[in-house]
2 protein chains.
Amino acid sequence: MARKSLVGVVADELLDRIIAGDFPPGSSVPGELELSARHEVSRMTVREAMKTLEAQRILSVERGRGTFVNPLNRWASLEAVLRAASEGQNEAAASVQLIELRRMLETGACELAAARISDADIQALFGHVAAMRAAHKVNDIAAFVEADLAFHDLILRASENVFVAVLFAPLHRVLEKRRAETSAVPTIQEHAIGHHQNIAEALESRSPSRSREAMDLHMQQTLDDLKNLVLEAP
Amino acid sequence: MARKSLVGVVADELLDRIIAGDFPPGSSVPGELELSARHEVSRMTVREAMKTLEAQRILSVERGRGTFVNPLNRWASLEAVLRAASEGQNEAAASVQLIELRRMLETGACELAAARISDADIQALFGHVAAMRAAHKVNDIAAFVEADLAFHDLILRASENVFVAVLFAPLHRVLEKRRAETSAVPTIQEHAIGHHQNIAEALESRSPSRSREAMDLHMQQTLDDLKNLVLEAP
DNA sequence: AAATGTTAGATGTCAGACATCTTACAGTTA
DNA sequence: TAACTGTAAGATGTCTGACATCTAACATTT
């Protein structure tokens with residue numbers, strides 16, 4: 001476990017207070033001196049924490065006036081927005097919205113990939129599906145998830161769109177944990193194998209619309225799985 | 001013009017050197033002391049600059065070892081990735097990829113909005129289209145662009161997906177300038193008016209698939225317009 | 001009433017010091 | 001020889017105190 005530096009702790013605590021509503025958007029946060037006293041750190045440490053929040057467009061620093069909280073829709077950090085959006089009973093809603101976002105990016109990337117993917121990569125896709133089948137047979141969840149992720153990563157890369165990958169990375173981090181949970185259910189594994197097979201075949205046909213449709217069905221099923229798992233939480 | 005602080009300047013210069021290839025991904029960046037000497041600023045200033053790059057996942061700082069450049073696909077800043085991807089003769093390719101990304105998000109948001117948009121918002125959409133028509137008649141480009149942007153922003157908000165808006169904000173900043181250029185061509189204005197009318201009508205019918213399709217056609221046209229303008233640059 | 005000067009409070013930058021972590025290397029020991 | 005240990009160099013982490021500069025509000029002067 002990576003021990004967090006003081007700067008990280010201060011930034012986290014400050015973000016927590018912002019999300020809790022202590023400093024609503026448009027208002028100013030306490031001055032650097034006041035914060036350094038409250039968190040019992042030096043002013044430089046507070047400044048570095050502020051810099052990290054400023055780089056994520058959560059705060060706007062105005063020299064001579066103070067430091068202000070930006071409205072949520074200007075925040076550039078998916079993780080921070082997720083934390084804010086998951087407050088209260090909104091966690092389920094936030095999860096659904098994340099999947100919706102993933103659906104947009106993955107179906108779009110799949111459509112692009114259909115016209116650009118190489119023969120070698122298509123063979124690799126079928127290889128990953130085979131790996132998923134094998135893992136399913138021996139009930140090796142870790143191997144199953146690994147092949148699953150590799151499958152999707154390959155399509156992302158095959159889309160040859162750098163920006164899609166950039167936007168997808170934070171999503172990947174956020175959804176990683178839940179993916180392992182859903183993949184633990186054998187029935188869901190079977191569904192996923194079928195969908196992946198269809199996607200690979202669609203890409204092999206080089207049809208953008210068919211590829212997009214195949215990925216869309218897969219995403220739709222993922223969303224249903226999530227809803228079922230979230231709603232029947234023990 | 002906002003004067004940049006020294007921290008911003010150092011961060012920019014360092015990012016420039018990274019993009020130029022002075023410090024390839026995986027390699028380490030010079031130590032804080034060396035950088036403070038090179039840029040003729042104090043070590044604290046260098047540290048704050050590094051913190052901003054670290055918050056964007058461009059750098060990884062490891063205590064006792066050094067500071068390292070992350071691979072491009074881990075960068076969390078669309079702007080930074082755009083700068084890196086536009087190096088050399090890649091600017092046109094980067095522009096196309098940005099539109100592809102915008103297409104994914106806007107068509108997805110439009111599809112979601114169809115099931116969630118209010119009657120009042122639909123009326124507002126038709127109002128924006130009317131404003132575009134009026135601006136087109138008197139050749140008021142600024143007013144045209146403003147109504148255009150308001151139209152798309154409204155759909156984004158109507159999708160009720162916070163994360164889409166978050167990812168779209170940086171895209172918006174990047175594409176804003178080019179939008180003004182394309183909107184200056186009368187023929188393109190006429191096309192856009194027709195597409196916006198179709199989108200509003202599709203949303204009014206509350207059909208997700210039809211709404212998505214209407215927005216997709218609009219995005220396709222935008223992409224074509226961009227290609228024509230980029231390729232025939234004077 | 002308008003222009004000007006003053007001042008308090010905020011962020012920006014600097015200098016120097018010490019703490020702590022990582023790594024490499026030399027030396028010690030079994 | 002091989003494994004352990006101590007030491008030192010170099011990196012980042014943090015602290016203290018100081019001064020600079022910008023902003024906004026208030027007081028003063030014209």
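In what follows, chains carry the letters A, B, and so on, assigned in the order in which the sequence lines appear, proteins first and then strands, with residues in each chain numbered from 1.
Checked against the 6.0 Å centroid threshold, A/His196 and A/His152 count as a close aromatic pair.
With respect to the salt-bridge test (charged N to carboxylate O, under 4.0 angstrom), the residues A/Lys4 and A/Glu13 do not qualify. A salt bridge does not link A/Lys51 to A/Glu48: none of the charged side-chain nitrogens sits closer than 4.0 Å to a carboxylate oxygen. By the 4.0 Å N-to-carboxylate-O rule, A/Glu54 lies too far from A/Arg47 to be salt-bridged with it.
The separation between A/Leu33 atom CG and C/dG9 atom P is 11 Å, rounded to whole Å. Spacing between atom CD of B/Glu40 and atom C1' of C/dG12 amounts to 18 Å, rounded to whole angstrom units. In this structure, B/Glu34 atom CD and D/dT12 atom P are separated by 10 Å, rounded to whole Å. Remark: C1' of C/dC21 and CG of A/Leu6 are 15 Å apart, rounded to the nearest angstrom. One can place CD of B/Glu48 at 15 Å from P of D/dT12, the figure rounded to the nearest angstrom.
Side-chain atoms of B/Arg116 come within 3.5 Å of backbone atoms of B/Ser159 as a donor-acceptor pair (strictly under, hydrogens ignored). Formation of a donor-acceptor pair under 3.5 Å by the B/Ser86 side chain with backbone atoms of B/Arg83 is not found in this model. Under a 3.5 Å cut-off, the side chain of B/Glu106 and the backbone N or O of B/Met215 do not form any donor-acceptor pair.
Phosphate contact (OP1/OP2 of C/dT11, side-chain N/O of B/Ser5, threshold under 4.0 Å): absent. Neither OP1 nor OP2 of D/dT12 sits under 4.0 Å from any side-chain N or O of B/Arg47.
Residue-to-nucleotide proximity on DNA chain D shows that, of A/Gly8 and A/Arg65, the 5′-proximal contact is made by A/Gly8. Positionally, the nearest nucleotide of DNA chain C for A/Thr67 lies more toward the 5' end than for the other of A/Thr67 and A/Met44.
A donor and an acceptor atom sit less than 3.5 Å apart, one in the side chain of B/Arg43 and one in the base of D/dG13.
Within residues 52-63 of chain A, the residues approached by DNA chain C to less than 4.0 Å at the level of any non-hydrogen atom are A/Val61, A/Glu62, A/Arg63, in residue-number order.
When the nucleotides D/dG17, C/dG12, D/dT12 are ranked by their closest atom to the side chain of A/Glu32, C/dG12 comes out on top.
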